[in-house]
2 protein chains.
Amino acid sequence: MEQNKIPQATAKRLPLYYRFLNNLQSQGKTRVSSKELSEAVKVDSATIRRDFSYFGALGKKGYGYNVEYLLGFFRKTLDQDELTEVALIGVGNLGTAFLKYNFMKNNNTKIVMAFDADEEKANTEMGGVPIYSIDDLEEKINGVKVAILTIPASEADGITDRLVRNGIGGILNFTPARITVPDHVRVHHIDLAVELQALVYFLKHYPLVEQ
Amino acid sequence: MEQNKIPQATAKRLPLYYRFLNNLQSQGKTRVSSKELSEAVKVDSATIRRDFSYFGALGKKGYGYNVEYLLGFFRKTLDQDELTEVALIGVGNLGTAFLKYNFMKNNNTKIVMAFDADEEKANTEMGGVPIYSIDDLEEKINGVKVAILTIPASEADGITDRLVRNGIGGILNFTPARITVPDHVRVHHIDLAVELQALVYFLKHYPLVEQ
DNA sequence: TTGAATATGTGAAACTAATCACGACATTTC
DNA sequence: GAAATGTCGTGATTAGTTTCACATATTCAA
Ligand SMILES: NC(=O)c1ccc[n+]([C@@H]2O[C@H](COP(=O)([O-])OP(=O)(O)OC[C@H]3O[C@@H](n4cnc5c(N)ncnc54)[C@H](O)[C@@H]3O)[C@@H](O)[C@H]2O)c1
Ligand SMILES: NC(=O)c1ccc[n+]([C@@H]2O[C@H](COP(=O)([O-])OP(=O)(O)OC[C@H]3O[C@@H](n4cnc5c(N)ncnc54)[C@H](O)[C@@H]3O)[C@@H](O)[C@H]2O)c1
């Protein structure tokens with residue numbers, strides 16, 4: 001798949017750059033230096049230059065980067081023109097928050113359907129997104145490649161298997177369960193409790209200077 | 001601060017190990033090997049052994065680790081006996097989810113107060129946590145060292161400054177804004193939109209074998 | 001037109017983390 | 001109690017990422 005030499009660490013920063021460049025453009029700025037960008041997104045300027053350089057020479061020495069050009073480049077690279085449909089599984093506390101928000105600010109991902117085991121929630125809608133019964137998963141989910149998991153941990157393995165059998169390629173897992181998937185499925189864990197505990201640990205055990 | 005040689009990558013995994021060991025104990029298991037642990041938490045077994053070894057020799061060759069002992073050790077190391085009080089700023093979609101959940105499963109962190117600018121929400125409570133007006137921040141927040149930020153991005157800088165002036169040491173920031181803090185304050189960003197976009201990027205651009 | 005200022009792109013170095021691979025020792029079996 | 005088995009702890013290696021530092025190209029002011 002084209003330039004797969006790009007480090008994962010870099011790939012994770014791309015959406016961040018993209019969003020900030022959008023802000024710049026709507027502020028009417030036409031040029032930006034790696035130093036300015038650095039201050040805004042809190043990433044070292046050398047890292048930014050290195051990140052950009054994986055895609056070729058996007059800037060001009062002595063000048064910086066042209067916002068319009070850079071933005072256009074990233075739009076293509078991040079496939080911002082192509083909408084990725086997402087299914088959300090579990091319309092509880094977290095799921096509800098995501099549905100209401102629905103990542104509106106980004107134009108390339110959209111939650112298009114949700115599922116819940118609770119029959120009271122099934123066949124309603126929220127934030128314009130239809131909520132189906134989890135029993136209808138196989139029937140409805142055709143073609144959706146990305147799922148957000150916000151169900152109880154105990155349900156995670158079972159639902160994951162069903163998702164995988166139905167062609168899901170990527171899962172954003174908010175469950176504390178560490179799910180098992182075949183090699184061709186990618187899982188990103190976001191474990192909010194762990195994040196909070198890790199922050200507390202760092203505060204107590206790490207020297208205060210550096211972040 | 002004692003053993004600050006511990007790699008950050010290791011520190012981030014500690015809460016994960018801790019949680020899983022708890023599960024094991026409540027299942028009545030008394031011993032566990034790095035291999036078993038590895039399968040459950042999806043971290044290479046050599047990495048687990050290395051992680052543990054930073055704290056000394058916790059296991060026994062040919063046997064594995066004693067669950068009880070290991071758990072006791074981590075309880076102390078992660079200060080699980082000491083409660084860390086947390087303030088939540090912004091009781092909107094996300095904030096509400098966190099309040100209702102309140103990280104009940106962990107015994108060492110607890111949201112003890114929340115703030116919102118909306119006067120309808122102020123002076124009510126949710127999930128047993130009092131919600132105050134943001135105007136009362138300075139008056140109420142005394143002694144709390146960790147804050148969760150779930151306010152609109154445009155408010156992030158202003159509120160951060162107020163938090164820092166009032167002695168906050170760590171911020172878990174869910175806002176897309178990259179906030180600026182003095183060196184002695186630690187910020188962890190959890191940028192959900194970026195996480196979703198990054199997952200989509202990986203799916204489209206990375207070879208399918210490996211996760 | 002010139003020269004000072006600026007900011008990129010990138011080799012090289014430094015740092016951080018993951019993984020390999022194996023000696024040492026404990027446990028278990030017979 | 002000897003042999004086989006299992007598993008840790010870790011030195012060495014490899015991989016991945018960040019940062020330094022500077023030659024180079026461009027801009028800009030005078
Ligand atoms: N809310 C938080 O702040 C928070 C924080 C950290 C982790 N988490 C984790 O996120 C997950 C969701 O948390 P929550 O607070 O939203 O939980 P919740 O109980 O509010 O919501 C879970 C939802 O999933 C639905 N559900 C249950 N089984 C299902 C199934 N088999 N198929 C489809 N839907 C099913 C339930 O009906 C419910 O609506 C949990 O695993 C939790 O541990 C949540
Ligand atoms: N909800 C999501 O799924 C989601 C996803 C990604 C990012 N985010 C980010 O998380 C943040 C919160 O999102 P949300 O969906 O909960 O937003 P929201 O609008 O539902 O909630 C924001 C809350 O903050 C309160 N608020 C506003 N200004 C305040 C101030 N100065 N002091 C205290 N409270 C104030 C509002 O009254 C509101 O209750 C936003 O920055 C958003 O971009 C949310």
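In the text below, chain A, chain B and the rest are named by the order of the sequence lines, each starting its count at 1. These numbers were taken from a predicted model, which means no experiment stands behind them.
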Worksheet item: Could you state the CG-P distance from A/D44 to D/dC20, rounded to the nearest angstrom?
Response: 6 Å

Worksheet item: Is any side-chain heavy atom of B/L199 less than 4.5 Å from a side-chain heavy atom of A/V146?
Response: yes

Worksheet item: Would B/D51 and B/T10 satisfy side chain to side chain donor-acceptor pair (under 3.5 Å), going step by step from the backbone distance to the final call?
Response: CA-CA 6 Å; B/D51 283 347; B/T10 296; 2.7 Å; yes

Discussion item. Ignoring hydrogens, what is the shortest heavy-atom contact between A/V185 and A/I168? Give both atom names and the distance.
Written reply: CG2-O, 3.6 Å

Practice prompt. Compare side-chain N and O positions of B/T47 against OP1 and OP2 of C/dT19 and report whether any pair is under 4.0 Å apart.
Written response: yes

Worksheet item: If only side-chain N and O atoms of A/Y65 are considered, is one of them under 4.0 Å from the OP1 or OP2 phosphate oxygen of C/dG9?
Response: yes

Fill in: Rounded distance (Å) that lies between atom P of D/dT17 and atom CG of A/L14
13 Å

Worksheet item: What heavy-atom pair brings B/T84 and A/K204 nearest, and what distance separates the two atoms?
Response: OG1-NZ, 3.5 Å

Practice prompt. Rounded to the nearest angstrom, tell me the gap between atom CD1 in A/I6 and atom P in D/dT17.
Written response: 12 Å

Worksheet item: Is the distance between the ring centroids of A/H188 and B/F202 less than 6.0 Å?
Response: yes

Discussion item. Between A/S34 and C/dT8, is there a contact of a side-chain N or O with OP1 or OP2 at under 4.0 Å?
Written reply: yes

Worksheet entry | Interatomic distance, B/D51 CG vs C/dA17 P [rounded to whole Å] | 10 Å

Using a cutoff of under 3.5 Å, can you pull out all pairs of nitrogen or oxygen atoms linking the protein to nucleotides 13-16 of chain D, with atom names and distances?
none

Worksheet item: Which whole-number value in Å describes the distance from B/N66 CG to C/dA26 P?
Response: 16 Å

Fill in: Heavy-atom pair of closest approach, residues A/T175 and A/A156
CG2-CB, 3.7 Å

Practice prompt. Please report the closest heavy-atom contact between A/I151 and A/I89, naming both atoms and the distance.
Written response: CG2-O, 3.3 Å

Worksheet item: Taking A/F115 as the fixed residue, which of A/I134, A/L88, A/D135 is the one that meets the side chain to side chain contact (heavy atoms under 4.5 Å, CB included) rule?
Response: A/I134

Discussion item. Tell me the interatomic distance from A/K12, atom NZ, to D/dT18, atom P, rounded to whole angstroms.
Written reply: 10 Å

Strictly under 3.5 Å: I want the nitrogen or oxygen pairs between protein and nucleotides 12-14 of chain C, one per line.
| unit_1 | atom_1 | unit_2 | atom_2 | d |
| --- | --- | --- | --- | --- |
| C/dA12 | N6 | A/R50 | NH2 | 3.0 |

Worksheet item: How does protein contact run along nucleotides 21-30 of chain D, one letter per nucleotide 5' to 3', with B for base contact, S for sugar-phosphate only, - for none, heavy atoms under 4.0 Å?
Response: B--BBBSS--

Practice prompt. Measure across A/T30 and A/Y63 and return the closest heavy-atom pair with its distance rounded to 0.1 Å.
Written response: O-OH, 4.3 Å

Worksheet item: Is it true that A/E138 and A/R162 make a salt bridge, defined as a side-chain N closer than 4.0 Å to a carboxylate O?
Response: yes

Fill in: Interatomic distance where NZ belongs to B/K42 and C1' belongs to C/dA18 [whole Å]
18 Å

Discussion item. In whole Å, I'd like the distance from the OH atom of B/Y69 to the P atom of D/dC8.
Written reply: 15 Å

Fill in: Among A/R13, A/R19, A/K12, the one residue meeting salt bridge (charged side-chain N to carboxylate O under 4.0 Å, His left out) with B/D191
A/R19

